[in-house]
Amino acid sequence: MRYSELFCPTLREIPSEAEIISHQLLLRAGFIRKATAGVYTYMPLANRVLRKIMNIIREEMDRAGAQELLMPIVQPREIWEESGRWAVYGDEMFRLKDRHNREFALGPTHEELITSLVNADVHSYRDLPLMLYQIQNKYRDEIRPRFGLMRGREFIMKDLYSFDADYEGLDISYNKMYEAYRRVFERLNLKYRVVEADSGAIGGNESHEFVVLADTGESEIVYCDNCDYAANVEKAACVVEKQDISEPMRDIEKVATPGQKTIEEVSAFLGISKDKHVKTLMYEADGEIIAVVIRGDRELNEAKLKNFLNCAQLFMAEENKVRKLCGATFGSLGPVGLECKVYVDLEVANMRNFVCGANEDDFHLVNVNLGRDFVPEAVADLRNAVKGDKCPICGNSLDVLRGIEVGHIFKLGTKYSEAMNATFLDQNGKEKPFIMGCYGIGVSRTMAAAVEQNHDEDGIIWPIPIAPYHVIIVPVNMKNDKLRTAAEDIYNTLIEAGIETILDDRDERAGVKFKDADLIGIPVRITIGPKSLQENRVEIKKRWEKESELVELTGVLEKVREILKG
RNA sequence: CGGGAUGUGGCUCAGCUUGGUAGAGCGUCUGGUUCGGGACCAGAAGGUCGCAGGUUCAAAUCCUGUCAUCCCGACCA
């Protein structure tokens with residue numbers, strides 16, 4: 001490709017709408033342009049990157065025994081009614097009507113469609129297992145599209161669905177996908193972690209997320225360096241250290257804490273450390289107000305609470321309702337004497353003589369003890385895991401990382417097949433629902449994640465397997481015939497050798513070309529300058545290294561091949 | 001949907017408080033000088049100041065409404 005013909009408008013300045021680095025760089029480097037919030041055009045270079053990511057995914061899905069198909073984006077309302085999700089999916093689904101006023105959705109996902117498809121054409125256990133996938137645009141009318149490609153309303157996803165005759169079969173399909181996903185992310189050359197995930201409302205019993213590590217990521221994961229344990233914070237089980245609770249219970253005491261609201265304030269005011277405090281959070285769970293008690297310096301994990309209560313709706317109670325029930329506002333609540341059900345985090349069950357609100361504004365209780373001063377409805381693991389917690393597998397200290405969720409695999413079981421009455425006949429001629437799994441990779445998000453993980457102050461540094469081009473040739477002055485001819489010669493040699501190469505034939509100053517080459521992140525740069533060319537040599541620089549090296553003209557192809565091999 | 005902020009040439013932003021001829025830098029085009037890390041000189045094009053209404057002799061500026069975008073929260077690949 002000649003740069004002079006390449007459609008790649010680069011920007012010197014950071015567009016003000018972009019907050020995170022991948023968004024900024026993809027815009028600046030001319031990879032993406034916004035059409036409207038959360039909807040982007042993939043420019044030619046981005047398109048090449050996406051195709052490479054897709055091809056790696058395809059190869060691994062095919063290797064695992066899956067088949068690619070392509071389903072429609074426009075889906076009729078009826079199949080969503082069958083699964084019950086027309087109502088449940090809510091505003092996140094793009095909906096439209098045709099001229100006859102029939103309703104449709106733009107597919108946010110394809111469980112419904114594929115289930116009805118497979119149900120129509122697969123009737124026997126002999127046809128199972130079956131794994132089908134597609135790579136296609138998905139549509140989700142996110143409340144808040146964010147961070148460029150990270151959370152788009154239109155995005156590219158690989159979605160695969162497995163159909164098995166029994167749960168043993170599902171385990172096999174699931175494991176095949178697990179391995180295939182590992183291979184995909186290995187091949188993409190991304191640093192990632194597989195974490196146990198909360199399968200939440202989907203109801204499956206197993207789920208893993210594939211998380212590309214990046215400080216700007218939205219998911220938080222805890223992991224153990226000693227064993228293989230890793231889980232997202234939603235899921236990570238908190239193990240309670242056996243604490244010494246031989247400390248004698250002291251007499252409960254009510255103390256005035258005028259104006260002190262937050263744990264920090266009360267802790268400082270009373271001179272009692274934060275880990276001797278508990279906080280009481282009021283929630284509304286399916287309409288019932290409940291109290292949740294956790295250690296003062298911890299965070300409540302709403303997913304755990306929701307799972308534990310097995311409720312459909314959970315949100316923080318409104319302050320006026322709380323005041324009516326407890327007689328105090330948020331900063332002064334405590335579990336003692338509360339009229340509602342009280343749920344207590346495991347950790348609190350091991351605390352003695354702690355501090356909590358007195359349910360009276362400007363007063364707290366000290367030396368409160370569970371059992372003596374209040375009796376909880378239940379004790380459960382309800383908080384977020386934090387750095388330093390014990391690994392639930394080996395007991396080692398856990399660490400925390402941030403990352404971007406790029407893949408997620410679920411065991412669905414019969415959720416959709418039962419709802420949609422999708423069945424096959426087993427060996428005994430009995431009708432049974434398909435046992436399903438679903439497996440997604442955010443393709444466009446993976447591209448953004450790759451940038452998030454691979455960049456420096458000058459621009460993107462594409463991992464070789466997904467780089468839009470592998471080599472960029474920069475003659476420092478196009479008006480110099482010798483440089484130009486040498487550049488053309490090398491360009492032809494590389495192209496003939498099948499190496500994806502850009503020749504920067506623009507009549508620009510060298511500085512401009514270097515800046516652009518760095519910005520768009522081509523892995524190998526060949527600089528052709530007058531002094532080195534005099535000695536029949538050119539400079540070859542790897543994008544991720546500072547220094548370049550001089551290579552004989554005759555050795556360029558070999559050198560490039562060597563670098564690209566890794 | 002709640003909270004916050006912003007809309008002025010392609011990009012980044014100034015001007016708005018105190019109403020009076022619409023600005024700068026970058027980019028683009030032309031000519032020239034330059035030519036190894038975003039050059040310089042000269043010239044040029046390009047804006048109904050998001051949109052609609054209102055106040056006023058006069059609105060980018062004040063008021064009302066509306067739309068869009070971005071950030072923070074709940075959702076997720």
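Order of the sequence lines fixes the chain letters, A, B, ..., with proteins taken first and strands second; residue numbering starts at 1 for each chain. We use all heavy atoms of the structure for the numbers below, so side chains are in, but hydrogens, waters and symmetry mates are not.
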K.L.:
Taking only the side-chain heavy atoms of Phe514(A) (C-beta and beyond), determine which of G36(B), C76(B), C75(B) contains the nearest atom.
P.N.:
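So the nucleotide nearest the side chain must be G36(B).
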K.L.:
Please determine, for the side chain of Arg144(A), which listed nucleotide (G36(B), G73(B), G38(B)) has the closest atom?
P.N.:
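Ranking G36(B), G73(B), G38(B) by closest atom to the Arg144(A) side chain puts G73(B) first.
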K.L.:
Would you mind classifying the nucleic acid contact of Thr36(A) as base, sugar-phosphate or nothing, using non-hydrogen atoms under 4.0 angstrom?
P.N.:
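Sugar-phosphate only.
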K.L.:
Can you tell me how far C1' in G9(B) sits from the matching atom in U48(B), rounded to whole Å?
P.N.:
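Rounded to whole Å, the distance is 13 Å.
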K.L.:
For a quick check, tell me whether the side chain of Glu13(A) and the base of G38(B) share a donor-acceptor pair closer than 3.5 Å.
P.N.:
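By the distance-only test, no, there is no pair.
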K.L.:
To the nearest Å, how far apart are Lys479(A) NZ and G36(B) P?
P.N.:
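Interatomic distance, NZ of Lys479(A) to P of G36(B): 13 Å.
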K.L.:
Please give, in whole Å, the distance from A39(B) C1' to Lys513(A) NZ?
P.N.:
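Result: 15 Å.
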K.L.:
Does the Glu452(A) side chain pair with the main chain of Ser22(A), one donor and one acceptor, at a distance under 3.5 Å?
P.N.:
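Yes, the answer is positive, given that a donor and an acceptor are paired below the 3.5 Å cut-off.
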K.L.:
When you measure from the side chain of Asp518(A), which nucleotide among A77(B), G37(B), G38(B) comes out closest?
P.N.:
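Nucleotide nearest to Asp518(A)'s side chain: G37(B).
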K.L.:
Can you tell me the pairing partner of A68(B) across any strand shown, Watson-Crick or G-U wobble, with both distances under 3.5 angstrom?
P.N.:
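With both distances under 3.5 Å, A68(B) matches U6(B).
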K.L.:
In whole Å, measure the gap between the P atoms of A24(B) and A44(B) for me.
P.N.:
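Between the two P atoms, the distance is 12 Å.
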K.L.:
G36(B), OP1 or OP2 - any side-chain N/O from Thr527(A) closer than 4.0 Å?
P.N.:
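No, Thr527(A) has no side-chain N/O under 4.0 Å of OP1/OP2 on G36(B).
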K.L.:
Within this structure, what is the NZ-to-P distance between Lys482(A) and C35(B), rounded to whole angstrom?
P.N.:
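The distance from NZ of Lys482(A) to P of C35(B) comes to 17 Å, rounded to the nearest Å.
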K.L.:
Side chain of Arg445(A): nearest nucleotide among C76(B), C75(B), G36(B)?
P.N.:
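Looking only at heavy atoms from C-beta outward on Arg445(A), the closest nucleotide is C76(B).
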K.L.:
Pick out which of Arg58(A), Gln134(A), Lys158(A) makes a side-chain hydrogen bond (donor to acceptor under 3.5 Å, both in side chains) with Glu68(A).
P.N.:
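When side-chain hydrogen bond (donor to acceptor under 3.5 Å, both in side chains) is applied between Glu68(A) and each of Arg58(A), Gln134(A), Lys158(A), only Arg58(A) qualifies.
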K.L.:
From C76(B), G36(B), C71(B), pick the nucleotide closest to the side chain of Ala510(A)?
P.N.:
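Of the options given, the side chain of Ala510(A) lies nearest G36(B).
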K.L.:
Roughly how many Å is it from CG in Asp507(A) to C1' in A39(B), rounded to a whole number?
P.N.:
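Going from Asp507(A) (CG) to A39(B) (C1'), I get 13 Å.
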K.L.:
The test is ring pair (Phe, Tyr, Trp, His ring centres under 6.0 Å); show your working for His110(A) and Tyr161(A) and say whether it passes.
P.N.:
CA-CA 9 Å; His110(A) 281 66; Tyr161(A) 306 89; 7.3 Å; no
K.L.:
Given that both distances must come in under 3.5 Å, which nucleotide forms a Watson-Crick or G-U wobble pair with A74(B)?
P.N.:
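Partner of A74(B): none found under 3.5 Å.
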K.L.:
Would you classify Pro530(A) as touching base, sugar-phosphate or nothing, given that sugar-phosphate means primed atoms plus P, OP1 and OP2, and contacts are heavy atoms under 4.0 Å?
P.N.:
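The residue Pro530(A) makes base contact.
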K.L.:
Please answer whether the main-chain N or O of Ile20(A) pairs with a side-chain N or O of His23(A) as donor and acceptor at a distance below 3.5 Å.
P.N.:
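Not at all, since once roles are kept as given, no pair shorter than 3.5 Å links the two residues.
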K.L.:
Paired with G19(B): which nucleotide, if any, by Watson-Crick or G-U wobble criteria at under 3.5 Å for both distances?
P.N.:
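Check on G19(B): unpaired, no WC or wobble geometry under 3.5 Å.
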K.L.:
If I take atom CZ in residue Phe155(A) and atom P in nucleotide A77(B), what distance separates them, rounded to the nearest angstrom?
P.N.:
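It is 8 Å, rounded to the nearest whole Å.
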K.L.:
Looking at every strand, decide which applies to Asp159(A) at a 4.0 Å heavy-atom threshold: base, sugar-phosphate, or nothing.
P.N.:
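Nothing: the residue Asp159(A), judged by heavy atoms under 4.0 Å, touches no strand.
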K.L.:
Nearest whole angstrom, please: distance from the C1' of G38(B) to the OH of Tyr3(A).
P.N.:
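Taking OH of Tyr3(A) and C1' of G38(B), I get 12 Å after rounding.
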K.L.:
With the side chain of Val476(A) defined as its heavy atoms from C-beta on, choose the nearest nucleotide among G38(B), G36(B), A77(B).
P.N.:
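For the Val476(A) side chain, the nearest candidate turns out to be G36(B).
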K.L.:
When rounded to the nearest Å, what value does the distance between P atoms of A5(B) and A42(B) take?
P.N.:
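Nearest-Å result for A5(B) against A42(B) at atom P: 43 Å.
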K.L.:
Crowded around Glu547(A) CD? As in, over 12 foreign heavy atoms under 6.0 Å?
P.N.:
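Counting neighbours around CD of Glu547(A), 12 or fewer heavy atoms of other residues, nucleotides or ligands fall under 6.0 Å, so no.
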K.L.:
What are the two closest heavy atoms between Gly296(A) and Lys279(A), and how far apart are they?
P.N.:
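For Gly296(A) and Lys279(A), the tightest heavy-atom pair comes out as O-NZ, 3.5 Å.
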K.L.:
If you assign His23(A) and Ile441(A) each to the RNA chain B nucleotide with the nearest heavy atom, which residue ends up on the more 5' nucleotide?
P.N.:
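Final value for this comparison: His23(A).
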K.L.:
For A42(B), what is the paired nucleotide under Watson-Crick or G-U wobble rules, both distances under 3.5 Å?
P.N.:
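U30(B) is the nucleotide pairing with A42(B).
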K.L.:
I'd like to know if the side chain of Tyr139(A) pairs up with that of Arg153(A) as donor and acceptor (distance under 3.5 Å, no hydrogens or angles considered).
P.N.:
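Short answer, no.
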K.L.:
Looking at Thr109(A), I'd like to know whether one of its side-chain N or O atoms comes within less than 4.0 Å of OP1 or OP2 on A77(B).
P.N.:
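No, outside the criterion.
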K.L.:
In terms of side-chain heavy atoms of Thr10(A), which of U12(B), G38(B), C75(B) is nearest?
P.N.:
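Of the options given, the side chain of Thr10(A) lies nearest G38(B).
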K.L.:
Is a side-chain donor or acceptor of Arg77(A) paired with a backbone partner of Phe104(A) at a separation under 3.5 angstrom?
P.N.:
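It does not hold such a pair.
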K.L.:
Would you say U34(B) has OP1 or OP2 under 4.0 Å from some side-chain N or O of Arg509(A)?
P.N.:
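Answer is no, no contact under 4.0 Å.
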K.L.:
Can you check the Arg506(A) CZ to G38(B) P distance for me, whole Å?
P.N.:
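Distance check: Arg506(A) CZ to G38(B) P gives 14 Å.
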K.L.:
Does A59(B) have a Watson-Crick or wobble mate here (both distances under 3.5 Å), and if so which one?
P.N.:
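A59(B) is unpaired by these criteria.
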K.L.:
Check for a donor-acceptor pair, side chain of Arg140(A) on one end and backbone N or O of Pro108(A) on the other, with a separation under 3.5 Å.
P.N.:
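Between the backbone of Pro108(A) and the side chain of Arg140(A) there is a qualifying donor-acceptor contact (under 3.5 Å).
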K.L.:
Provide the Watson-Crick or G-U wobble partner of C49(B), both distances under 3.5 Å; none if there is no partner.
P.N.:
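Checking every strand shown, C49(B) finds no partner, since no pair has both distances under 3.5 Å.
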K.L.:
Does Ser16(A) have a side-chain nitrogen or oxygen under 4.0 Å from the phosphate oxygens OP1 or OP2 of C70(B)?
P.N.:
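Checking Ser16(A) against C70(B): no side-chain N or O falls below 4.0 Å of OP1 or OP2.
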K.L.:
OP1 or OP2 of G73(B) versus the side-chain N and O atoms of Arg146(A): is any pair under 4.0 Å?
P.N.:
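Answer is yes, contact under 4.0 Å.
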K.L.:
C11(B) and G19(B): how far apart are their C1' atoms, nearest whole angstrom?
P.N.:
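Between the two C1' atoms, the distance is 30 Å.
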K.L.:
Do we see a donor-acceptor contact under 3.5 Å between the side chains of Asp62(A) and Tyr133(A)?
P.N.:
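Side-chain D/A pair, Asp62(A) to Tyr133(A): present.
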K.L.:
Looking at the base of G38(B), is there any donor atom on it, or on the side chain of Arg28(A), that sits under 3.5 Å from an acceptor on the other one?
P.N.:
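Indeed there is one.
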K.L.:
With respect to the side chain of Lys34(A), which nucleotide from C76(B), U69(B), G37(B) is positioned closest?
P.N.:
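Side chain of Lys34(A) sits closest to U69(B).
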K.L.:
Classify the side-chain pair Tyr416(A)/Arg85(A) by whether it contains a donor and acceptor separated by less than 3.5 Å.
P.N.:
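The criterion, which ignores hydrogens and geometry beyond distance, is satisfied for Arg85(A) and Tyr416(A).
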K.L.:
Hey, which of these two, Asn477(A) or Ile14(A), hits RNA chain B nearer its 5' end, going by closest nucleotide?
P.N.:
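Its nucleotide being nearer the 5' end, the pick is Ile14(A).
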K.L.:
Could you give the distance separating U30(B) and U69(B) at their C1' atoms, to the nearest angstrom?
P.N.:
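The same atom, C1', in both gives a distance of 36 Å.
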K.L.:
Under 4.0 angstrom, heavy atoms only, what part of the nucleic acid is Arg525(A) near: base, sugar-phosphate, or nothing?
P.N.:
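If one applies the 4.0 Å heavy-atom cut-off, Arg525(A) turns out to touch a base.
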K.L.:
Base, sugar-phosphate alone, or nothing: which one does Gly529(A) contact when heavy atoms must sit under 4.0 Å apart?
P.N.:
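Base: the residue Gly529(A), judged by heavy atoms under 4.0 Å, touches a nucleobase.
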K.L.:
Measure from the side chain of Glu539(A), starting at C-beta and using heavy atoms only, and say which of A77(B), G36(B), U69(B) lies closest.
P.N.:
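Closest nucleotide to the Glu539(A) side chain: G36(B).
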K.L.:
Please state how far atom CD1 in Ile520(A) lies from atom C1' in G38(B), giving the value in whole angstrom units.
P.N.:
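Spelled out: CD1 on Ile520(A) to C1' on G38(B) is 14 Å.
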K.L.:
By the 4.0 Å heavy-atom rule, please label Phe147(A) as base, sugar-phosphate, or nothing.
P.N.:
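Here Phe147(A) touches the backbone only, sparing every base.
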K.L.:
Would you classify Glu142(A) as touching base, sugar-phosphate or nothing, given that sugar-phosphate means primed atoms plus P, OP1 and OP2, and contacts are heavy atoms under 4.0 Å?
P.N.:
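Base contact - Glu142(A) has a heavy atom under 4.0 Å of at least one base atom.
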K.L.:
Looking for any heavy atom pair under 4.0 Å, which part of the strands does Ser532(A) touch: base, sugar-phosphate only, or nothing?
P.N.:
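Base: the residue Ser532(A), judged by heavy atoms under 4.0 Å, touches a nucleobase.
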K.L.:
Regarding C75(B), can its base be found pairing with the side chain of Arg140(A) as donor and acceptor, where the two atoms are less than 3.5 Å apart?
P.N.:
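Side chain to base: no pair below 3.5 Å.
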K.L.:
Step by step, would you call Phe210(A) with His208(A) a ring pair (Phe, Tyr, Trp, His ring centres under 6.0 Å)?
P.N.:
CA-CA 7 Å; Phe210(A) 290 74; His208(A) 287 90; 7.3 Å; no
K.L.:
I'd like a table of atom pairs between the protein and nucleotides 27-30 of chain B - only N or O on both sides, under 3.5 Å - with the distance next to each one.
P.N.:
{"from": "G27(B)", "atom 1": "OP1", "to": "Arg12(A)", "atom 2": "NH2", "distance (Å)": "2.9"}

